[in-house]
Amino acid sequence: QVQLVESGGGLVQPGGSLRLSCTTSGASLNNYAIGWFRQAPGKERDGVACIATNGWRKHYEGSVEDRFIISRDNAVNTVYLQMNNVKPEDTAVYYCAAEPVCMGRRIDPRPGYRNWGQGTQVTVSS
């Protein structure tokens, strides 16, 4: 199973922007739909966005759909999450995962998915 690595997190002020990256050191990402998830302290991990293998079909959770943009560049084996107009409630550890289940605004990990990486911390604070 493909092992994904997240990067790009950091401290950002409310209203600012940040771009997260998801890649792999092993297999190609090109054959996988990819999802971004986040987990805030004391809360469950929730789906944020997902993108199909060809990059055309995308899904977003309701609170981010007007602010975040998911994209992929298969030439460099990377999926991105552009976070714009960030809010304090976006503070969380962000993870990417292969083959999520995406339907409308609901993004869930594939049942039984356990191959979570270390994630990347995003902190939104002034």
Side-chain angles (χ1 to χ4, degrees):
Q1 197 170 17
V2 64
Q3 182 66 51
L4 304 178
V5 178
E6 305 89 351
S7 64
L11 174 64
V12 58
Q13 292 186 344
S17 297
L18 205 61
R19 189 177 77 164
L20 308 184
S21 298
C22 171
T23 188
T24 176
S25 58
S28 170
L29 287 183
N30 297 355
N31 295 325
Y32 295 92
I34 299 294
W36 280 99
F37 298 81
R38 65 185 179 186
Q39 187 167 22
K43 296 187 177 181
E44 294 186 351
R45 185 155 35 202
D46 292 325
V48 175
C50 66
I51 188 168
T53 53
N54 59 17
W56 293 347
R57 187 164 63 240
K58 305 175 184 180
H59 297 259
Y60 295 94
E61 185 268 331
S63 71
V64 308
E65 63 181 344
D66 294 329
R67 301 183 294 121
F68 292 6
I69 301 171
I70 189 170
S71 63
R72 67 190 304 155
D73 186 341
N74 288 343
V76 295
N77 207 35
T78 303
V79 173
Y80 303 100
L81 184 68
Q82 177 68 41
M83 305 171 61
N84 300 317
N85 190 24
V86 296
K87 302 177 180 181
E89 51 263 43
D90 295 322
T91 295
V93 179
Y94 284 71
Y95 304 87
C96 55
E99 300 179 307
V101 178
C102 304
M103 189 173 298
R105 294 176 178 175
R106 187 175 177 97
I107 298 109
D108 292 307
R110 177 168 50 85
Y113 187 84
R114 299 181 185 276
N115 208 26
W116 298 101
Q118 296 295 315
T120 186
Q121 174 72 49
V122 173
T123 302
V124 182
S125 175
S126 55

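- Here the straight-line distance linking atom CE of M83 with atom CZ of F68 works out to 3.5 Å at 0.5 Å rounding.
- Note that CD of Q3 and CG of N115 are 4.5 Å apart. Values are rounded to the nearest 0.5 Å.
- Placement of Y80 and V48 in two distinct hydrophobic clusters is found when ILVMFWY residues are connected by side-chain heavy-atom separations under 4.5 Å, directly or transitively.
- Heavy atoms from other residues, nucleotides or ligands lying under 6.0 Å from CZ of R106 number 12 at most.
- In plain terms, the two heavy atoms of Y113 and A98 that are nearest each other are OH-N, 3.4 Å.
- The shortest distance between side-chain heavy atoms of T23 and S7 does not fall below 4.5 Å.
- Each of V64, V12, V122 was compared with V86 under the side chain to side chain contact (heavy atoms under 4.5 Å, CB included) criterion, and only V12 meets it.
- Closest approach of P100 to A33, counting heavy atoms only: CD-O, 3.4 Å.
- The neighbour count for Q118 CD, taken as heavy atoms of other residues, nucleotides or ligands under 6.0 Å away, does not exceed 12.
- Closest of all the heavy-atom pairs between A40 and A92 is N-CB, 3.8 Å.
- Taking the six-membered ring for Trp and the full ring otherwise, the centers of W116 and F37 sit less than 6.0 Å from each other.
- Side chain of R67 to backbone of N85: a donor-acceptor contact under 3.5 angstrom is found.
- Identified under the salt bridge (charged side-chain N to carboxylate O under 4.0 Å, His left out) test for residues 17-41, with sequence neighbours left out: R38-D90.
- Counting heavy atoms from C-beta outward, Q121 and T91 have side chains that approach closer than 4.5 Å.
- Annotation: the span from I70 atom CD1 to C96 atom SG amounts to 9.0 Å, rounded to 0.5 Å.
- The shortest distance between side-chain heavy atoms of E6 and L20 does not fall below 4.5 Å.
- For the pair N77 (side chain) and L29 (backbone), a donor-acceptor distance under 3.5 Å is present.
- The shortest non-hydrogen separation linking L18 to G8 is CG-O, 3.6 Å.
- In this structure the side chain of V124 never reaches within 4.5 angstrom of the side chain of K87, judged on heavy atoms.
- In terms of hydrophobic clustering, with Ile, Leu, Val, Met, Phe, Trp and Tyr side chains grouped at heavy-atom distances under 4.5 Å, W36 and V101 are assigned to different clusters.
- Between I107 and C50, the shortest heavy-atom contact is CG1-SG, 4.0 Å.
- In this structure, the side chains of L4 and I34 come closer than 4.5 Å at one or more pairs of heavy atoms.
- Distance check, rounded to the nearest 0.5 Å: SG of C102 to CZ of R110 gives 12.5 Å.
- Under the 4.5 Å side-chain heavy-atom criterion for grouping Ile, Leu, Val, Met, Phe, Trp and Tyr, V79 is not connected to V5 through any hydrophobic cluster.
- Residue pairs meeting the side chain to side chain donor-acceptor pair (under 3.5 Å) criterion with at least one member in residues 39-60, sequence neighbours excluded, do not occur.
- Checked by atom type and distance alone, the side chain of S125 never pairs as donor or acceptor with a backbone atom of T123 at under 3.5 Å.
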